[in-house]
Amino acid sequence: MTRPGQQFRRRNIFIALGLVAIATWLLSGSQSSQSGDTTTGHEQFWTDFYPLLTAAAPNCDPPSRIANAESAGFDPKNTQPVANLLQMTDEDVTKMKQAHTTFVKSVRQDPPPLHYKLGTRGLVSTAGPSYMPVLVISLRMLRRTGSELPMEVFLADWTEYDGYTCQVVLPSLNAQCVVLSEILDAVPGSRDKVAKYQYKPLAMLFSSFEEILFLDADAFPLQKPESIFSNEPFKSRGLVTFPDFWGPTASPLFYQIASLEQPAPNIRQSTESGEVFVSKRTHLRTLLLCAYYNFWGPNYYYPLLSQGAAGEGDKETFLAAAMVLNEPFYQVSEPIRALGRHKADGFSGSTMIQYNPIEDYALTRKGEWRIRGSAAPAPAPFIIHANFPKFNPATIFHENGPVIKEDGSYTRAWLAPEDLIEAFGADVERQFWEEIRWTACALEGKTISWEGKTGICDRATGYWHQVFG
């Protein structure tokens, strides 16, 4: 007798295998090359690009940590250079510099062409099974803005393929799943070299869009993102990023390896890479170098660029690559803010808020940089990144979570700061929970990450009626 769990897994495997041919056709038959060549696809790009990554291996021992950098808030008055907290021999620094120079030279002179549909714009994300419900919630929130941008959701391999979500739910939201291993396996063994944070630049490279808004699965805009692509600063810069809470912590050794002058620590905040606007037409080389930093990231470039500060990973690789290649970019200057509620032991943030790049750019052009004391009104909140914990209806009701009071009763998660909530101009948290509730009921018993879990819809519905009903 077949158990229900076995039937569940077999059904999803059958759906996954049945869609291999469709996915392969979508990946290879419907893309245009930057150079106009439509006869090759992403597999050919990876076949050409992977040898460049491996030929420029650091070829030395990774840096060792003396200590982790302090995750201190950005201070626009700070002029003290970032200290080196890594240990490397002069010989190893020289080897890394030579390898870095080799790779930069290869992508400057003869970068392998990307393959995408000319003149297109779209959303790109990465999501494993546990993030799929969160991504559905975020995408439904984005559709509330009226945005019709298509989305491509990259999965590591077929074991992560969620048949019902990929085949039914996402297509209804103008989104589709793309299995990364179908591309990486063009070079046998290469997919074993990438994981986690390293997926993000690869998803950007392999997407079918020319202009991209990359979004983490738990992030969504509050306004139509289409306007950002057609206005400054994106029109002239081609790469727009958003700030993190912290000041920069890159080791001086990185700048030595990259042949760059170490910048002052008060030029800009560190980067929060849960949302990135980028043009593949103008920033091909930046994305290739970013991919190099991530390919060799965990042991080499992540510690060099963050030195153990909060969020060490891909976050600093985008602007580092643009600076090395002297390609333009704009990082929003309006400081990121935390959204949450007050608890007995102090403020507890669960969500990050980023601000509108168009409005921020207009202010900075006037010399109104608010982080340095300008009294100008803040730009409008633009992106909500509900990052910790994830607002997954199967897990959000854990003890001492953002929606549970100390006495065990339900509460709103977003109650402070009040001026930030007022700036939304609508009850965004209520809208958010409408989509959380919908997702809980639509996916229960159907998504692989909730296999064996029950009561998800009932719990989300009960919370909704008690808090918002």
Side-chain angles (χ1 to χ4, degrees), residues 31-38 40-42 45-46 48-49 52-53 103-125 149-152 154 200-215 221 224-243 258 260 267-268 271 273-294 314-333 354 356-358 360-362 364-365 382-383:
Q31 295 159 346
S32 299
S33 167
Q34 179 187 22
S35 61
D37 179 9
T38 59
T40 57
H42 296 318
F45 165 80
W46 186 240
D48 295 337
F49 184 53
L52 300 183
L53 294 170
F103 185 83
V104 171
K105 184 178 179 180
S106 67
V107 298
R108 278 189 190 276
Q109 292 180 344
D110 189 23
L114 296 179
H115 299 269
Y116 53 80
K117 298 174 185 176
L118 298 173
T120 57
R121 293 169 176 166
L123 310 163
V124 176
S125 191
L149 290 172
M151 172 178 266
E152 292 173 348
F154 282 77
K200 187 178 295 187
L202 292 181
M204 294 179 175
L205 288 169
F206 295 136
S207 70
S208 66
F209 312 120
E210 178 180 318
E211 295 180 341
I212 295 169
L213 167 55
F214 180 92
L215 287 170
K224 289 178 68 171
E226 284 90 329
S227 62
I228 306 301
F229 291 111
S230 55
N231 286 281
E232 294 292 353
F234 185 81
K235 282 182 66 176
S236 63
R237 306 298 177 90
L239 173 61
V240 176
T241 62
F242 295 82
L260 282 178
I267 293 178
R268 70 184 65 85
T271 301
S273 62
E275 48 283 317
V276 178
F277 285 90
V278 64
S279 165
K280 294 201 289 193
R281 177 179 57 83
T282 63
H283 283 68
L284 162 63
R285 291 170 176 82
T286 289
L287 284 176
L288 296 179
L289 182 54
C290 177
Y292 174 76
Y293 289 151
N294 282 273
D314 61 70
K315 63 197 297 290
E316 308 301 337
T317 60
F318 295 92
L319 294 195
M323 287 189 291
V324 167
L325 293 165
N326 197 29
E327 294 189 335
F329 63 87
Y330 183 82
Q331 177 150 294
V332 170
S333 66
Q354 300 285 7
N356 188 296
I358 299 172
D360 184 80
Y361 180 79
T364 58
R365 294 310 91 189
F382 181 66
I383 288 179

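Since the model is a prediction, treat every value here as computed from it, not as a measurement.
- Here the closest heavy-atom approach between residue Pro221 and residue Ile383 is recorded as CA-CG1, 4.0 Å.
- Leu114 is not listed as a side-chain neighbour of Phe49, based on a closest heavy-atom distance of 4.5 Å or more.
- Here the CG-OG distance, from Asn356 to Ser227, works out to 6.5 Å after rounding to the nearest 0.5 Å.
- With sequence neighbours excluded, the residues satisfying side-chain contact (heavy atoms from CB on, under 4.5 Å) with Ser125 are Leu135, Met151, Ala217.
- With rounding to the nearest 0.5 Å, the separation of CD in Glu152 from CZ in Phe209 is 4.0 Å.
- Applying the side-chain contact (heavy atoms from CB on, under 4.5 Å) test to Val107 and every residue at least two apart in sequence or in another chain returns Phe103, Leu288.
- Under the 4.5 Å side-chain criterion, counting only non-hydrogen atoms from C-beta, Leu289 is in contact with Val324.
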**OP:** Would you sort out whether Leu325 and Arg108 count as a side chain to side chain contact (heavy atoms under 4.5 Å, CB included), showing the intermediate values?
**Re:** CA-CA 8 Å; Leu325 293 165; Arg108 278 189 190 276; 3.9 Å; yes
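- Under 3.5 Å, the side chains of Ser207 and Lys280 contain a donor-acceptor pair of N or O atoms.
- Heavy atoms only, all atoms of each residue included: Leu284 and Pro112 are closest at CD1-O, 4.1 Å.
- Counting heavy atoms from C-beta outward, Tyr293 and Pro201 have side chains that stay 4.5 Å or more apart.
- Using modelled atom types, one side-chain atom of Glu316 and one backbone atom of Thr271 make a donor-acceptor pair closer than 3.5 Å.
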Subject >> Working for side chain to side chain contact (heavy atoms under 4.5 Å, CB included), residues Ser208 and Thr120 >> reply: CA-CA 8 Å; Ser208 66; Thr120 57; 5.8 Å; no
Subject >> Worked check of side chain to side chain contact (heavy atoms under 4.5 Å, CB included) between Thr282 and Glu327 >> reply: CA-CA 9 Å; Thr282 63; Glu327 294 189 335; over 6 Å; no
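- The two residues Pro328 and Ser236 have their closest heavy-atom pair at CG-O, 4.1 Å.
- Of the residues Leu239, Val240, Leu213, Leu319, the one that meets the side-chain contact (heavy atoms from CB on, under 4.5 Å) test with Val276 is Leu239.
- Using a distance-only test at 3.5 Å, with no hydrogens or angles considered, a donor-acceptor pair links the side chain of His283 to the main chain of Arg237.
- Ring centers of His42 and Phe206: under 6.0 Å apart, within the cut-off.
- Judged by distance alone, with hydrogens and angles left aside, the side-chain atoms of Glu211 form no donor-acceptor pair with the main-chain N or O of Val278 at under 3.5 Å.
- The distance from the CE atom of Met204 to the CZ atom of Phe154 is 10.5 Å, given to the nearest 0.5 Å.
- At a threshold of 4.5 Å between non-hydrogen side-chain atoms, the residues Phe277 and Arg121 do not count as touching.
- Annotation for Phe382 and Pro225: closest pair CZ-CA, 4.2 Å, computed over non-hydrogen atoms.
- Distance CG/Asp314 to CG/Asn294: 5.5 Å, rounded to 0.5 Å.
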Subject >> Test side chain to side chain contact (heavy atoms under 4.5 Å, CB included) applied to Phe242 and Glu275, step by step >> reply: CA-CA 7 Å; Phe242 295 82; Glu275 48 283 317; 3.4 Å; yes
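- Nearest heavy atoms, Pro233 versus Pro357: CD-O, 3.6 Å.
- Partners of Glu210 according to the salt bridge (Lys or Arg N to Asp or Glu O under 4.0 Å) rule, which considers only residues two or more places apart in sequence or in another chain, are Arg281.
- Between the side chains of Thr241 and Gln331, a donor-acceptor pair is found at a separation under 3.5 Å.
- For Phe214, there are no ring pair (Phe, Tyr, Trp, His ring centres under 6.0 Å) partners, not counting sequence neighbours.
- Take Phe234 and apply the ring pair (Phe, Tyr, Trp, His ring centres under 6.0 Å) test, not counting sequence neighbours, and it matches Phe229.
- Side-chain contact, Lys200 with Ser273: a donor N or O sits under 3.5 Å from an acceptor N or O.
- Scored by the side chain to side chain donor-acceptor pair (under 3.5 Å) test, Tyr330 finds Asp360, Thr364 as partners (sequence neighbours excluded).
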